[in-house]
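For reference, the structure discussed in these notes is given below.
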Amino acid sequence: FRPIIALIEVVAIPLLLSVFFYYLLRPLVKLMEKYKVNRVLAILIIYVIFALAIVWFITSKWPVLYGQFISFLDNVPSLLSSVGEQINELEKNGFLASLFPANESNGLSSITNYLNKGFSFMSNYLGGLFSFVSNFTIILFTFPILLFFMLKEGEKFGNLLVRATPTRYQNDSREIVTGIDHMLSGFIVGRVIVNLSLGVLMYIGFLIIGLPYAFLLTVVSVIANFIPFVGAILSAIPIVIVGLTQSPATAIWSLVIILVAQQVQDNLIAPYVFGKKLDIHPLTTVILVLAAGNIGGIIAMIVIIPVYMMLKIIAVRVFSLFFK
């Protein structure tokens, strides 16, 4: 089965990206169609706009992002040294003594070891992320082609699914397909809006406190926050560690900024964007994300919530058909 698995791995990521951008761009295509713009022409116009946006990002933002990444990797030894100095200062001030009993002399070494592991994880994560982007170039050539045909003929797929079901169930099938379509559209667009809002709040806060590598850490946080719950924790660890290289106060303020931004996201932005569309208990989300991560890695953690919601829509409809 290795050739089949390899084929799925090659096709899956461009397909997921195509679905993601399909739901982001479909409203723009429909809006342009309302103004009597041909669908193919509307798609080509959007492609040109995106191409210009990518060129702008590569020429203006990518050098800053890549420069901070290279600088971060080069300065990891000095950053670790700075963290050690801050810990020594805390030990001299008696702060660590209040946290660790006197007979636990390995408290300082334990903290240092955990921080070393945190830096190692962060370096490997960032290195893997940029390596992934670089090695992903060939696959990205297939993504615009898939996206073009999805935007051009995406609605036909739902009709094909409906016609494939028996005639007496076609009305119910159409409701299921429509429900899944609306759910995916609301979830993807809403998730992008919420994560970008979180990134803006965090970046402004990081600039105010003078956190090093603010742009790099914000980009990593925005990407990581596409993983529910777990992403927020994973992205907070390197931010706090980098803050600690400056001073304990910077680390504390960086944590405060993260918590405040998360609270604004969860209590103000997310309810306004999603409304009651995400009827999932937080405990269910945590269990699903952890299980998906254990089975399929990061990609599975990202897609598990919409997959669960799709299965829930189908299960509820099937139950109402046959068991009520």
Check: With sequence neighbours left out, which residue pairs that include part of residues 199-222 fulfil the salt bridge (charged side-chain N to carboxylate O under 4.0 Å, His left out) condition?
Finding: none
Check: By the rule that ILVMFWY residues connect when side-chain heavy atoms come within less than 4.5 angstrom, directly or transitively, which residues belong alongside F157?
Finding: L161, V162, V177
Next item on the list: Sequence neighbours left out, what pairs pass side-chain hydrogen bond (donor to acceptor under 3.5 Å, both in side chains) with at least one residue falling in residues 218-232?
Entry: N225-Q262
Margin query: The criterion is side chain to side chain contact (heavy atoms under 4.5 Å, CB included); which residues satisfy it with P27, sequence neighbours excluded?
Written below: none
Item checked: Pairing residues for R39 by the salt bridge (Lys or Arg N to Asp or Glu O under 4.0 Å) criterion, not counting sequence neighbours -> E33, E155
Checklist line | Heavy-atom donor-acceptor pair, Y213 side chain to L65 backbone, under 3.5 Å | finding: no
Note to self: Just to verify, what does T284 make a side chain to side chain contact (heavy atoms under 4.5 Å, CB included) with, not counting sequence neighbours?
What the structure shows: I280, H281, L288, Y308
Margin query: Which residues pass the ring pair (Phe, Tyr, Trp, His ring centres under 6.0 Å) test with F226, not counting sequence neighbours?
Written below: none
Considering only distance and modelled atom types, tabulate donor-acceptor pairs under 3.5 Å from the side chains of residues 230-243, sequence neighbours left out.
| residue | atom | partner | partner atom | Å |
| --- | --- | --- | --- | --- |
| S235 | OG | G231 | O | 3.0 |
| S235 | OG | A232 | O | 3.1 |

Next item on the list: Any pair with a residue in residues 193-204 that passes side-chain hydrogen bond (donor to acceptor under 3.5 Å, both in side chains), sequence neighbours left out, goes on the list, sorted by first then second residue, please.
Entry: none
Check: For V318, which residues count as a side chain to side chain contact (heavy atoms under 4.5 Å, CB included) partner, sequence neighbours excluded?
Finding: I314, F322
Next item on the list: With sequence neighbours excluded, give me every salt bridge (charged side-chain N to carboxylate O under 4.0 Å, His left out) pair touching residues 19-32.
Entry: R26-D181
Note to self: Before we go on, tell me: are the rings of F206 and F215 under 6.0 Å apart, centre to centre?
What the structure shows: no
Item checked: All salt bridge (Lys or Arg N to Asp or Glu O under 4.0 Å) counterparts of R174, not counting sequence neighbours -> none
Notebook entry, point to check: Do I313 and M310 come close enough that some side-chain heavy atom pair is under 4.5 Å?
Noted result: no
